[in-house]
Every structure is written in structure tokens, then in C-alpha cells.
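Structure first, then comments.
Just so we're on the same page: letters track the sequence lines, and every chain starts at 1. None of these values were measured; they are calculated from a predicted model.
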Amino acid sequence: MLEKNYDANSVEPRIAKKWDEAKAFAAGAGAREGADPYAIVIPPPNVTGSLHMGHALNNTLQDILIRYQRMLGNNVLWQPGMDHAGIATQMVVERKLNAEDKKRTDFSRPDFIDKIWEWKEESGGTIFNQLKRLGASCDWSRERFTMDEGLSEAVREVFVSLYNEGLIYRGKRLVNWDPHFETAISDLEVENIDVDGHMWHFKYPLAADPETGKPATYEYVEKDEDGNVTLTETRDYISIATTRPETMLGDGAVAVHQSDERYAPIIGKLCEIPVGPKEHRRFIPIITDDYPDKDFGSGAVKITGAHDFNDYMVAKRNDIPMYRLMDTKAALRADGAPYAEEAAKAKAIVESGELPDENTVDAINLVPDEYRGLDRYDARKKVIAAITAEGNAVMTTDEEGNPIPLVEKNKMQQPTGDRSKVVIEPMLTDQWFCDAETLAKPALASVKEGRTNFVPKTWENTYYNWMENIQPWCISRQLWWGHQIPVWYGPKPSDVVAAKEHADLVNAGTDLNVYRDAAWLRSIARFEIFAMHTFQDNPKSYSSVLGEVVDVGELDSWKVVEVESPEAAMHHLTSSLIEGKLEYPVYRDPDVLDTWFSSALWPFSTLGWPDKTKELETYYPTNTLVTGFDIIFFWVARMMMMGNHFMKDDAGKIVEPFHTVYVHALVRDKDGQKMSKSKGNVIDPLELMDKYGTDALRFTLSIMAAQGRDVRLDEDRIVGYRNFGTKLWNATRFAEMNEVKHAEGFKPEDAKLQVNRWILTELSKTIEDVSEGIEKYRFNDAAGAAYKFVWNTFCDWHLELLKPIFNGDDAAAKAEAQAVAAYVLDEIYKLLHPFMPFMTEELWAETAESRDTLLCHAEWPKPQVQDQAAADEINWLIELVSEVRSVRTEMKIKPSLEMQLVIVGASDETKARLERNDAAIRRLARMSDVSLGGEAPEGSAQIVVGEATVCLPLKGLVDFAAEISRLEKEIEGIDKDLKVVGGKLNNEKFVANAPDAVVQENRDRLAELEEKHEIVNEALQRVRSFN
RNA sequence: GGGCGAUUAGCUCAGCGGUAGAGCACUACAUUGACAUUGUAGGGGUCACUGGUUCAAUCCCAGUAUCGCCCA
């Protein structure tokens, strides 16, 4: 006998163990002979991750699909794995070191990476155990990690291929720089946050006329919309507005819109940046461009190409030098020569009118000596103070009429790092980029041409929008943890080779061949002198610069070695030349790749690519990708780009990584707020599983996962669905008490009793609904159909209707009832298994002495019995009983009081039904007797069911006034419906235009309503006459 | 500024050209007979607003309002 309550906490680990021991989730487990493959790759959680509600929803939905497909007998693989999560992981380990009073830079790079691997072994991947607890039926034996050797090989393969195709390149670009982690990040990792900012207005004085030496002036004229002059004044400056005064130090120009008449007189003239030592003030040109907005600020903008994305474009278009002002921590630069020298270089550039190469410009540090090393915000304060003190701030007046600097408050969007939460600094740096635009084209076509489909479809627009406006993807990160970029450089900067491994560096056809450049080699002689000069007296220091030297291989008559840095390479080359050896040193690019680069390969790298494995052949392309919309750009789009580029069939045709992308919603709290630690509204799925059991959580998430809507999770809902589990548990317990047992060889079609044929028919319908719901990713419909069937059909009615049979004397009926109940319960376990795997697996085992398979491998139900007559009969019975109950309650008749039922005007069919269901009616409607009568007994309440009038003789019990009012109310309702239906049918246009079926439906309904109206009206007259 | 979505019962949400639904909450009653994690019954809705299309609109279209998200 089952326990009275289901104890999730003891059952779940036991069932999990059972699955594990049976290797129930191994790829292909439980598959039919010759089955179709069905594969899903898990969105790899971060190795640092812990299960949150988003994971719970995401993996529950995947598990439903996977378990369903497995039960259909398909060859199923759910591929699990984890992401190395570059920044997040490095952050976690650095934080741990900080707690021990150590920091990353106390370690060498390899030692620090070892520390991370140690951390991973100890505490990484707890999320896998949490996913197992959720019941995720992944093939855990195939767990992969983006940093493991196989996946790393795939990363190198892809990088080198794309590099050789010119789709990956290095360049100096303006990128989003995270000053906390001191690395570049991609656009997607930047969050724009609304903040209250300030806009300062400053005067840039015009340069003196070069010919006369006199201060330059112009007539500044402002007009209103109608062209009337509103202001005229003579100015010797141009006024600019800026939210970032500290970047003025790096200005290369002032720009105005070409159509802005106000500034037309001074286009091409020079103006002074009003900050820094007076004797070294820099002058910059006033230029025109499309970018400035005439109506914003003064209409004139300063152009700081190295620290602003818009300015960068303007500077590019107009050959304006871009001066970098900050270091990797976003403090003002302290490198280079004293300011006076550096400013002179900038002056020379302006005067020559020729733009030197970008590295030369980048080397110039235009931060005045007094500002060097300052944090960017401290520098801002000092710059503002200095300009204001000098009288170059645009002034206004305060409330009392005193002059004050004009500082506008303005709402602005501040870019912040999604991990670090610090303000992102646009920085001009050397980075690696992936040509996303080229890769996006086929990926776009795949969706447009329907080879990959988003569900719900509306997400396709989001995808198009992004893919059509895609920017180069910055893939390099200045971190230590990640896939190091497989590019080696020789001592000469132009010597660049991408290689999967050392051997490829010295293979035939390598690009590593600068040593063949005799002229260049001769020039190396210079370094000989340099090296001797530097290290002669201090050989120890020499070896410390050299660092480790690793043999790479032979190339021509040279020995190629790998060293640790560009400096080491140069010294090594020099020293080997001194010693008369032909040793050619290379060093590897220190950057690592964006974490999402390896995730982009996930659907094929996890299956063994670039090797041609059996798994790859079987399970690629995968079927469905289940993900949240927040990573469509980060992940889905990039998998499409990489998958389409690298995965082709034998005919060279693209094979997309998946054919369906199911995008589910975000889980929010019950008030619709996004869950976040700072808001303190995070609901921990693990706590919920402890409290209500995993199945309750899973069922709740499934039934709430309607397409296109966020899931607002309310704990009360979980309580409700926990109760649903209990209901099923107790239904099974009840069955057990009545010796309901799985009957070997029972065929549903053999059932004779209407009540059984009815439930089997309802079951068929439910099987269709649940299957269709899952197939169409309408998880809420699927779960809802199962819920309704189990509780409102099977428990509320079928089991109730079986009670008189179980308690009766008809042995054959009893045997059939037992067999059918057992059969239906088995089918229920199967239907619910994808949603509630633990409880159903437990019940499956508990309800038979032995089973051929685990429930997770049992065959998915198929509709068997369709018996409309039985369905009609029992639905009639349900209506009858419900009506009687309703009237009893309304008439305030004690439930314990047994009454007599007299049916008037019954057809032959109704008579037969009454006979067949006599016991059930008496039990469920609490009647002592059911009889047929010619007319309604005096003092009856009367109910119209179909053609018959059901009379409850209530003489002495019933409140006739109440009964009259009840019947009047009913007639009122019927009249209302009659009016609607009749109105339609009287409308010629309706009859002419509506589909025949609809017209007929309304005709039938009208007839039905009219008949009912008549019968109820008769009943009403009768009651009135009793009164 | 551009785009997407939402607005249905007190709450959380389904639905969707032709009888407006669920769960929770609420009210009344019942019972320890599988289940109080229960049963029976009940109340509760101008389907945001304004127009339009249609024989017919909660549903389609346009506009308005409010809210949310994404992108600049």
C-alpha cells in the first residue's frame, strides 16, 4: 500500500539513482530499431553558475521535449556541457585569491590558469548536480566543457580557417573597454543605463588671424523657425557642449553641421582647446560633418576620436587624429615624453595637414603633466575648474541674478560593463575582429527561407533586425582564462601566422618566413649592439627577459622556438645571431577569445567536430534549440553563423545547426519584476524543490509557459500543482485499495461498460491534446490538458462512477473496471512523465509487480478508443448529476438527505441510460430511488436535462418562492440566448454570408433553446400552481 | 528616436472571427468512507479606449492611453 502522501524528498534521489544505474539517458537509450535521431544541445551554463529560475524553466522545457521523444522511441541525445565563462570565472577565482590577500598578478599566467582549473575541480559545475536534481535527462556521460581539449581544438580550427579566409582580422579600432577587468568587451556585453548627467558649455577661443596676428571674430546670428533674427553678437570663440570635459585634452577638431549658417564664417579656421598649460595650447580645426545636430547644445561638437564612437566615425571620415588619453584602468596616461614635447608633435600634425599612421598618433600622450595618472573623474573636475577659472565657461545667471557657469542637467545613457558594472570607456586599441557581416548573410537566409524557424515567430524580426545591422564582432579579450588566440608573431611585426598547433608553424606553406628577408636580417645587426649594450653587465637580467624557450621545430635550416614576449623574441634572435646560431623566435598573441566564440561552435564541437565522428553524423543537425530571448544575439545568432559556415553536406549545401529555435520567456516574480539579487526578489528553485518537490516546480513552470509571455511565478501556483501531484498519488492509492491491477493482455477496445468506454474516449482526446501541445511547443496547453483529464475527468467522475461497481456484486463489471482503471492510470503516468518524471516513475514501479521497462522508456500513448455514444451518455449523466446537485444546494437541502427522483417525458434512450446508470445516479446525486413518471409530482423542483424533466419531489422541503425565482432566472438566461441566436437567424445577411455549418449550428441551438424554454416554462407554471 | 509586446474575473494568466475560460483568492455547505494537499455548489467580466472592416469583433485593421522589453 502506498503511503498516504508522496514524499518527494525521499523518492527523488532514489529514482534519480535508478535512472543513473540503468544508464537510462545515454544517447539512443530506449530507442526503437532504426529510429530517427532527435538531438538537443543544452545551452551550456557557466561553470560558475548556480541553478536559477531561468535555468529551471529552460531545462524543464528541454526535458519535456527529450522525454517525449525518447518515449516515442526515437534515438535521443540531450547533450550536456558547461561554458568556461571567461570573465565570470576569472572574476570568481580572483575574488577568492583576494580573500587570501593575493592577487592574480602575483602568479604567472600558467600558474593562475592552474589555479582556475583547481577551482573548477573543487567547486565548478555544481549546477550539473542541480540540473540532475531537476530531473534533466541529459546523457551525462557525454558532458563537455568549452575548455576541454576537443572543443579547444575546434576553436583553433575555426579561428585558423576564418583567419585564412580573411574573416578574422586584427586592427586598431575603437572598442568598448572595461576598465575594471582591463579588457575589451563586445557591444553585447555593454548595458546602457539611464543616468542623470550634466552638460557643460565651454568656449573654444578662435586662433588669432595668422596674417594680422589680431584676435579673430565673427558675427554670430541666431534665427527662429520663421527666419527672424533673435540674436546677433560678435564672438571671438565657438561654444561647444560636452558631457565629458576630460576628453577635451584629446580633441582633434570641432565639428558643425555643413548647413549650420551660424558657424559658416569660421569653417576651416582654428580654435584653441582652452585647457592645459597656456604656452602649449593646442589649436584644432573647425570642420563640417553630417553628425552634429544643429539643435542640440550649441550645434558645435568637439571631436575626440579615441574616446567616443560617434566622434570616431567623424574623425575617420575627416582624417582627424585620434589621441588616446587613458590607460587600461581609465586613468589619464602617464607614459611618454613631457607634455611640452608631446604637444609639439600634435602641433606639427595640425600644421603639416598630414595624418601620420595610427600607431604614431597613439604614442602621443597629450595629457598635461599635472593631470597625468589621475582617475578620469578626478581629471574631469580639474578640467572644469581650470576652464571656469580662466573665464572660458559659458555663463548664465542663477535665481538671484548672479553669474554662474552654464551646466545643463541631461538624461543620458551611460554604457556599463554587464559583469563589472563600471562605466565603459571607448578606447582605441588593437583587437581581433570577426567579420560578422559576411557570416550573417547565410545565417539570415536560413531563417528567411524557413530552414530554421523561430517559435514564436515574432522573434524572427528581432533576429533579422540585429543580423541586418550587425557590426564587426570584437573577439579578443585581455584576460588569462580562455582560449588563447592561436596566432604567433615573429620579431618583425609583419610576421604573423595563425596555426592550430606548433607543427603548423613550421609546415610547408607556413607564412612564417620573414627570416628569408636578407635585408631585414642584416638590419638585425643593430640589435646585436643594442643587446650587448643592455645586457653585457647584467646577464641575469638578460635571462629574465628571455623567459622560457620552447622548441617548435625545424624550418629550412632554422630552428624555430617559442618565447614569451615580443621583447624576448627580439633578444633571443639577437643573442642567437651573436652566437652564430640560426634560431628564429616566435611568441604567441597573449589575448584570449570571447567566451561566446567557443559557444558558437557548441552544436557541432560537442559532437566531436572537426573529427568525423559517428555522433556528428547521427545527431547533427540537432532538432530544437531551447533558449531565452536574452541570448538570441549572444549565442543563437552566432551558432547560426558558425554552423552555416562550417557545416556543409556532401554536396556543399549548408546544414543549419537546428531547425527550430524555441524562445521561452523570462521568469519574473509575481509582480512582474525581473528577479535580481539587488532587488532581493529572487526565488531559488532549489528551495522550491525542497519545499514542494521537483515535479511540482516543473509542472508549474510548464503550465505557465505560454508562448510569448513572461512567466510570473507565484508560489501559490506551485502549491496548487503540488496538490495536483497528491491528487494523482491518492487516486493511485484508491485504485490500489480496490485491487486495481495492471491486467496483462487487456485491450481497451474490449471494454463493455459505457462508463469505461467513455473514459477511454476521453483519454484518447487527452492523448491527442498532450501530444499536440508538446509537438507545437505549447507546453501550457499540454500540461493543462493532462491536468484537466486527471483531476476533473478521471478523479472527479470516472473513479466516482466506478465506486458503485467496486462495491457491487457484478464480478465481470468489477474486473473490467479494475482493468480499465489500471490501464488509464498507466497512460496517465506516461502522459505526465515528461512533466512530472519522478512521481510518475515511482508510481509506475509501485503499481505493478514488474514492468518491462522504466517509465522513461515506456511507449508514448496512442489514442485507442473513440466511442461517441458512450461519451454522450456519460456526459448526459454528468449533466444530470450536476444539475441535481446544483438545485439541491440552491434549495438548501441537506446533503445527507436522500431523495427520490422522478423523470418525466423521458425518451427511450434516456430510459435506457437511466437504467444502466441507476446506481451511479443514486450514489452521486444522493437519491434513494429513481423512477419514471407520467407527470411531475406535486411540490417538485424541476430540472430540464435534454428532452426530459427531472423532478425532485420536495413537498414540505422546498421553498417555493425560491424555486420560482430559480426557474424565472433560468428562463431569463434562455431568453437572452434566444434573442442573440434568433437575432442572427433573422438577419438575412447572416444566413446568406455565414458558412453553412455556422448557420446550421445556430439553427440547432435555436431549436434546443426553444424546446428548453418551453419545458422550463411548463415547470415554472407547475410550481406556480403548487404554490 | 526606431522596433517588439502587453492591457480579459479581486490576483496570476489562457483563449481568439460565431455560446468568455483556468488556477488561486472569495462565499456557503459537507465529510474524516483514496485525497482537508479534499469534495459539492456559488458569486464575480462594457475582454483598456475610439473609430473602421465584416452577416458577425475580446479576436482583424487604424488611432489613443497606460505599462513593459529590446535597439540607438
Side-chain angles (χ1 to χ4, degrees), chain A residues 1-2 4-6 187-188 191-192 293 309-310 413 415 456 458-462 464-466 469 629-630 632-633 665-666 668-674 692-693 696 700 703-738 740 778 780-781 783-784 787-788 791-792 795-796 799-800 802-803 806-807 881-896 924-926 973 976-977 980-981 983-995 997-999 1001-1002 1005 1008-1009:
Chain A
M1 175 62 73
L2 290 174
K4 194 167 173 185
N5 280 311
Y6 170 69
D187 302 348
L188 288 177
E191 288 171 354
N192 291 305
D293 177 350
F309 285 95
N310 290 311
Q413 292 212 309
T458 166
W459 290 108
E460 290 183 358
N461 287 327
T462 309
Y464 295 150
N465 215 315
W466 193 67
N469 296 293
F629 62 81
D630 47 335
I632 290 178
F633 303 149
L666 227 57
R668 297 173 179 277
D669 76 2
K670 67 180 163 68
D671 302 317
Q673 297 289 308
K674 204 166 170 173
Y692 304 107
T700 306
I703 207 163
M704 293 188 75
Q707 284 183 10
R709 278 288 275 254
D710 285 346
V711 175
R712 289 200 198 184
L713 192 65
D714 184 347
E715 205 168 317
D716 285 346
R717 294 294 291 260
I718 305 175
V719 173
Y721 295 116
R722 188 266 323 263
N723 297 353
F724 172 61
T726 310
K727 186 77 184 176
L728 175 62
W729 185 264
N730 277 296
T732 302
R733 198 158 158 270
F734 169 74
E736 207 174 26
M737 292 166 78
N738 286 286
V740 165
R778 305 186 68 97
N780 57 324
D781 288 347
Y787 179 95
K788 224 173 149 178
W791 199 319
N792 303 120
C795 290
D796 287 351
L799 290 183
E800 292 300 326
L802 292 190
K803 278 176 184 174
F806 286 145
N807 297 332
V881 170
S882 300
E883 292 280 354
V884 171
R885 282 171 174 173
S886 180
V887 170
R888 287 185 63 129
T889 304
E890 211 164 332
M891 294 293 121
K892 302 203 189 324
I893 292 160
K894 276 191 189 163
S896 56
L924 296 178
R926 298 197 74 81
K976 208 172 134 198
D977 287 349
V980 173
V981 178
K984 275 186 191 174
L985 289 167
N986 287 334
N987 182 343
E988 283 172 26
K989 286 181 177 170
F990 170 75
V991 179
N993 293 321
V998 173
V999 176
E1001 205 174 280
N1002 277 277
R1005 191 163 149 68
E1008 203 178 290
L1009 284 167

(message) Side chain of A/Pro895, heavy atoms from C-beta onward: which of B/G39, B/C29, B/G18 has the nearest atom to it?
(response) B/C29

(request) Would you mind reporting whether A/Phe629 and A/Thr462 have side-chain heavy atoms less than 4.5 Å apart? (result) no

(message) Taking pairing as Watson-Crick or G-U wobble with both contacts under 3.5 Å, can you name the mate of B/G1, or confirm there isn't one?
(response) B/C71

(request) Provide the distance between the two P atoms, one in B/U8 and one in B/A41, to the nearest whole Å. (result) 29 Å

(message) Applying the Watson-Crick and G-U wobble criteria at under 3.5 Å, what pairs with B/C47? Answer none if nothing qualifies.
(response) none

(message) Please pick, from B/C55, B/G15, B/G5, the nucleotide with the shortest atom-to-atom distance to any side-chain atom of A/Arg778.
(response) B/G15

(message) Could you tell me how far apart A/Asn469 (CG) and B/C71 (P) are, to the nearest whole angstrom?
(response) 13 Å

(request) Find the distance A/Lys788:NZ to B/G23:C1' and express it as a whole number of Å. (result) 12 Å

(request) Consider the side chain of A/Asn730, meaning its heavy atoms from C-beta on, and name the nucleotide among B/U12, B/A34, B/A41 that approaches it most closely. (result) B/A34

(request) Consider the side chain of A/Phe990, meaning its heavy atoms from C-beta on, and name the nucleotide among B/U12, B/G18, B/G39 that approaches it most closely. (result) B/G18

(request) Searching all strands shown, indicate the nucleotide that pairs with B/U40 (Watson-Crick or G-U wobble; both distances under 3.5 Å). (result) B/A28

(message) Can you check the distance between B/A65 and B/C49, where both ends of the measurement are the C1' atom (answer in whole Å)?
(response) 7 Å

(request) Respond yes when some side-chain nitrogen or oxygen of A/Thr462 is under 4.0 Å from OP1 or OP2 of B/G3, and no when none is. (result) no

(request) Counting heavy atoms from C-beta on, name the nucleotide in B/U12, B/C70, B/A34 closest to the side chain of A/Lys727. (result) B/A34

(request) Select one nucleotide: of B/A72, B/G39, B/G23, the one nearest the side-chain heavy atoms of A/Asn192. (result) B/A72

(message) Work out how far the C1' atom of B/A57 is from that of B/U46, and round it to whole angstrom.
(response) 14 Å

(message) With a cut-off of less than 4.0 Å, is there a side-chain N or O of A/Trp466 near OP1 or OP2 of B/G2?
(response) no

(request) Provide, to the nearest angstrom, the distance between the CE atom belonging to A/Met737 and the C1' atom belonging to B/C35. (result) 10 Å

(message) Heavy-atom nearest nucleotide on RNA chain B for A/Phe734 versus A/Lys984: which residue maps closer to 5'?
(response) A/Lys984

(request) With the side chain of A/Phe629 defined as its heavy atoms from C-beta on, choose the nearest nucleotide among B/C55, B/C29, B/C69. (result) B/C69

(message) My understanding is that a pair needs two contacts under 3.5 Å, Watson-Crick or G-U wobble. By that rule, which nucleotide pairs with B/U66?
(response) B/A6

(message) Is it true that, when you exclude A/Lys788 itself, more than 12 heavy atoms of the residues, nucleotides or ligands shown sit nearer than 6.0 Å to its NZ?
(response) no

(request) Determine whether A/Tyr721 and A/Tyr692 make a side-chain contact, defined as any pair of heavy atoms from C-beta on separated by less than 4.5 Å. (result) no

(request) Return the value, rounded to whole Å, for the distance between atom CD of A/Glu191 and atom C1' of B/C71. (result) 14 Å

(request) Using the C1' atom on both, measure B/U54 against B/C69 and round to a whole Å. (result) 34 Å

(message) Regarding A/Ala731, tell me which of base, sugar-phosphate or nothing describes its non-hydrogen contacts under 4.0 Å with the strands shown.
(response) base

(request) Keeping the roles fixed (side chain from A/Arg888, backbone from A/Arg926), state whether a donor-acceptor pair exists under 3.5 Å. (result) yes

(message) Side chain of A/Thr726, heavy atoms from C-beta onward: which of B/A41, B/A14, B/C35 has the nearest atom to it?
(response) B/C35

(request) For the residue pair A/Lys727 and A/Asn723, establish whether any side-chain heavy-atom pair is separated by less than 4.5 Å. (result) no

(message) Whether A/Asn723 contacts B/U37 is assessed here as follows: a side-chain N or O lying under 4.0 Å from the phosphate OP1 or OP2. Is that the case?
(response) no

(request) Would you mind classifying the nucleic acid contact of A/Asn1002 as base, sugar-phosphate or nothing, using non-hydrogen atoms under 4.0 angstrom? (result) nothing

(message) Could you tell me how far B/A22 sits from B/G45 if I compare only their C1' atoms? Round to whole Å.
(response) 14 Å

(message) Give me the distance, rounded to whole Å, that separates B/G63 from B/C71 when you measure between the P atoms they each carry.
(response) 25 Å

(message) Quick check on RNA chain B: between A/Arg926 and A/Asn792, whose nearest nucleotide comes earlier from the 5' end?
(response) A/Asn792

(request) Report yes if a side-chain nitrogen or oxygen of A/Lys976 is closer than 4.0 Å to either non-bridging phosphate oxygen (OP1 or OP2) of B/U19; otherwise report no. (result) no

(message) Going by purine N1 to pyrimidine N3 plus the second Watson-Crick contact, or the G-U wobble pair, all under 3.5 Å, which nucleotide sits opposite B/G21?
(response) B/C13

(request) Can you figure out which of B/A14, B/G23, B/A34 approaches the side chain of A/Asn780 most closely? (result) B/A14

(message) Can you measure A/Asn465 atom CG to B/G1 atom P for me and round it to whole angstrom units?
(response) 18 Å

(message) Whole angstroms only, please: what is the CZ-C1' distance between A/Phe724 and B/A22?
(response) 13 Å

(message) Can you tell me if A/Lys803 touches the phosphate of B/A34, counting only side-chain N or O atoms and a distance under 4.0 Å to OP1 or OP2?
(response) yes

(request) Look at the side chain of A/Arg885 against the base of B/U40 and say whether a donor-acceptor pair falls under 3.5 Å; ignore hydrogens and angles. (result) no

(message) I want to check something: taking the side chain as every heavy atom from C-beta on, are A/Asn738 and A/Lys803 in contact at a cut-off of under 4.5 Å?
(response) no

(message) Expressed as a whole number of angstroms, how long is the span from A/Leu188:CG to B/C70:P?
(response) 13 Å

(message) Taking the side chain as everything from C-beta on, heavy atoms only, tell me whether A/Leu985 gets closer than 4.5 Å to A/Val999.
(response) yes

(request) Could you give the distance separating B/G15 and B/G21 at their P atoms, to the nearest angstrom? (result) 15 Å

(request) Sort out the partner of B/U53 for me: Watson-Crick or G-U wobble, both distances under 3.5 Å, none otherwise. (result) none

(message) Tell me whether the rings of A/Trp729 and A/Tyr6 are parallel (<30°), tilted (30 to 60°) or perpendicular (>60°).
(response) tilted

(request) Write down the distance between CZ (A/Arg1005) and P (B/U19), rounded to a whole number of angstrom. (result) 8 Å

(request) Output the single nucleotide from B/G18, B/G42, B/C35 whose closest atom is nearest the side chain of A/Lys4. (result) B/C35

(message) What's A/Asn987 touching, base or sugar-phosphate or nothing? Going by heavy atoms closer than 4.0 Å.
(response) sugar-phosphate

(message) Roughly how many Å apart are B/U58 and B/A20, using the C1' atom of each and rounding to a whole number?
(response) 8 Å

(request) Select base, sugar-phosphate, or nothing to describe what A/Arg733 touches, counting heavy atoms under 4.0 Å on all strands. (result) sugar-phosphate

(message) Counting the atoms with a prime plus P, OP1 and OP2 as sugar-phosphate, which does A/Glu800 contact under 4.0 Å by heavy atoms, base, sugar-phosphate, or nothing?
(response) base

(message) What's A/Arg888 touching, base or sugar-phosphate or nothing? Going by heavy atoms closer than 4.0 Å.
(response) nothing

(message) If you define the side chain from C-beta out and look only at heavy atoms, does anything of A/Leu188 sit under 4.5 Å from A/Trp466?
(response) yes

